[in-house]
Amino acid sequence: MGKRKVIIDLDGSADNLIALMLALHTEDVDVAAVTCVWGEASVEVTAGEVCRVLDHFDIPTPVYLGATEQLIKDRRDKGSADAADVHPAPLPARVSSEHASVAMARLLSGAAKGGATWQIIALGPLTNIALALRINPGLLGAVSQDADVPGFVVMGGALEAKGNSGMASEFNWHSDPEASLVVVQGVGRKEPFATPPMCLVPWEVTLAAPFRKEHMDVLLGLSDARGDALPTAPTLTFTEARQRKVLQELLRTISHDGKQFSSPFACECLLPGACAAATALDHSAFAKTTQEVYVTVETAGPQTRGCCLIDWYGTAASRRKLKRWINARIVKTTDRDALLWRLFRMIDEPCGFRR
């Protein structure tokens, strides 16, 4: 069986760069493209950080710049990309001049001919994905339809309306509610279906899979208290040590960034991007329970823009009547230890699997 081809759409947050490293470290995955979207940082800053990670892995994956702001500019919305543009660095030479959404539409328009299994992992605001769907409405028909290899994995939404951005909304969906709406409408289809086209990894999954101080101490090299199930750290070559340093720098950024902590539990570090990547890359091991539902997004309410709305109790009859076709499989519970194991492997074998 050939390698899966993965497109990773991300903003510049450190946990999303760790998600990229998880994909690079997965044996049967070929990261075909990295598309940068506005969000925690500007697309230029994000592209620079992505290239730094790829250079350490010595992998020639193409990098594309995408949307620099929301589909509809609304100052009520959350967004932090503007602050990152004060002193933009020169773009690395490997960054393509083709727009991220155009590249995504192009890559997936020919996906069926190649015979490979394709996945999209969306870790930031959904602006790039929404634009790609407008260019190629059949975009998501080209990705994997296998329930164990979800073709379109989205980190976003707050199932219980306990937001980390707006009062009722998660950062990615609150940043661009209109783009989120375009995407959830674009993945909707009439029953019967084999697998809902979108696998949603909500904010609550991140909260339920925290990394405590003792985990971070081992990952950062401050402790070797791994426990009986984890191997001792090997001796690394210079190149491996350099790559480990990059991962530990990203982890250290997260562990000292108050926005990454669940405020009542300051000793717990949260990795939303890594949780979404684990769902895509090793779904059967990480995602324990899921539920297939109809999902939409609130765009009008001044206090609820970006809120994730779910038809939890819809029946086949009510879905037909209201045209609320199941469009998402929501991850509800996960195995945090499966992700922790993958991170320890990245620390111990930073070079991953050579291409």
Side-chain angles (χ1 to χ4, degrees), residues 9 19 119-126 129-130 140 143-166 168-175 177 179-210 262 270-299 304 306-316 318-319 322-336 338-339:
D9 187 71
Q119 291 177 287
I120 300 173
I121 306 176
L123 304 176
L126 292 173
I129 310 294
L140 298 177
V143 300
S144 170
Q145 306 299 312
D146 187 338
D148 291 328
V149 185
F152 180 42
V153 176
V154 174
M155 194 284 129
L159 304 187
E160 299 173 5
K162 298 176 182 178
N164 68 335
S165 181
S169 51
E170 175 272 335
F171 175 87
N172 288 340
W173 285 25
H174 187 210
S175 295
S180 301
L181 184 62
V182 168
V183 171
V184 298
Q185 290 178 340
V187 299
R189 59 184 180 188
K190 293 184 178 182
E191 299 172 287
F193 57 86
T195 303
M198 177 171 65
C199 182
L200 187 64
V201 183
W203 176 238
E204 286 79 2
V205 163
T206 302
L207 293 176
S262 165
L270 306 175
L271 300 175
C275 287
T279 298
L281 302 170
D282 200 1
H283 185 76
S284 58
F286 183 68
K288 291 305 179 185
T289 61
T290 62
Q291 184 173 344
E292 296 180 354
V293 292
Y294 169 80
V295 175
T296 190
V297 186
E298 172 61 40
T299 59
T304 56
C307 182
C308 177
L309 304 175
I310 301 169
D311 184 9
W312 289 111
Y313 305 111
T315 64
S318 69
R319 287 196 292 271
L322 300 172
K323 293 184 170 55
R324 293 178 180 170
W325 313 111
I326 289 175
N327 60 359
R329 180 156 47 108
I330 293 179
V331 177
K332 300 181 74 175
T333 62
T334 62
D335 182 353
R336 191 274 315 278
L339 177 54

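Here, residue 1 is the first one in the sequence, and each next residue gets the next number. Because only heavy atoms are used, hydrogens play no part in the values below, and waters and symmetry mates are left out as well, while side chains stay in.
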Counting N and O atoms only, with roles assigned by atom type, does the side chain of [X] sit under 3.5 Å from a partner on the main chain of [Y], one being a donor and the other an acceptor?
| X | Y | answer |
| --- | --- | --- |
| Ser144 | Val149 | yes |
| Arg319 | Gly314 | yes |
| Thr333 | Thr289 | yes |
| Asn172 | Leu126 | no |
| Asp148 | His283 | no |

Atom NZ of Lys162: over 12 foreign heavy atoms under 6.0 Å: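 No.
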Does the side chain of [X] reach to within under 4.5 Å of the side chain of [Y], using non-hydrogen atoms?
| X | Y | result |
| --- | --- | --- |
| Trp173 | Val183 | no |
| Leu181 | Thr296 | yes |
| Asn164 | Glu170 | yes |

As an exercise, state the distance from [atom1] of [X] to [atom2] of [Y], rounded to the nearest 0.5 Å.
| X | Y | atom1 | atom2 | result |
| --- | --- | --- | --- | --- |
| Asn327 | Phe152 | CG | CZ | 10.5 Å |
| Ile120 | Asp9 | CD1 | CG | 8.5 Å |
| Thr304 | Glu298 | OG1 | CD | 4.0 Å |
| Arg329 | Leu200 | CZ | CG | 11.0 Å |
| Phe286 | Asp335 | CZ | CG | 8.0 Å |
| Cys307 | His174 | SG | NE2 | 10.0 Å |

If you take all heavy atoms of [X] and [Y], which pair is closest and at what distance?
| X | Y | value |
| --- | --- | --- |
| Ser175 | Pro125 | CB-CG, 3.8 Å |
| Gln145 | Leu140 | NE2-O, 3.4 Å |
| Glu204 | Ala161 | OE2-N, 4.4 Å |
| Val201 | Ala276 | CG2-CA, 4.0 Å |
| Cys199 | Thr279 | SG-CG2, 3.8 Å |
| Val297 | Val184 | CG2-CG2, 4.1 Å |

side-chain contact (heavy atoms from CB on, under 4.5 Å) between Leu159 and Trp312, intermediate numbers included: CA-CA 10 Å; Leu159 304 187; Trp312 289 111; 4.1 Å; yes
Side chain to side chain contact (heavy atoms under 4.5 Å, CB included) involving Ala209 - partner list, sequence neighbours excluded: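 Partners of Ala209 under the side chain to side chain contact (heavy atoms under 4.5 Å, CB included) test: Cys275, Thr334, Arg336.
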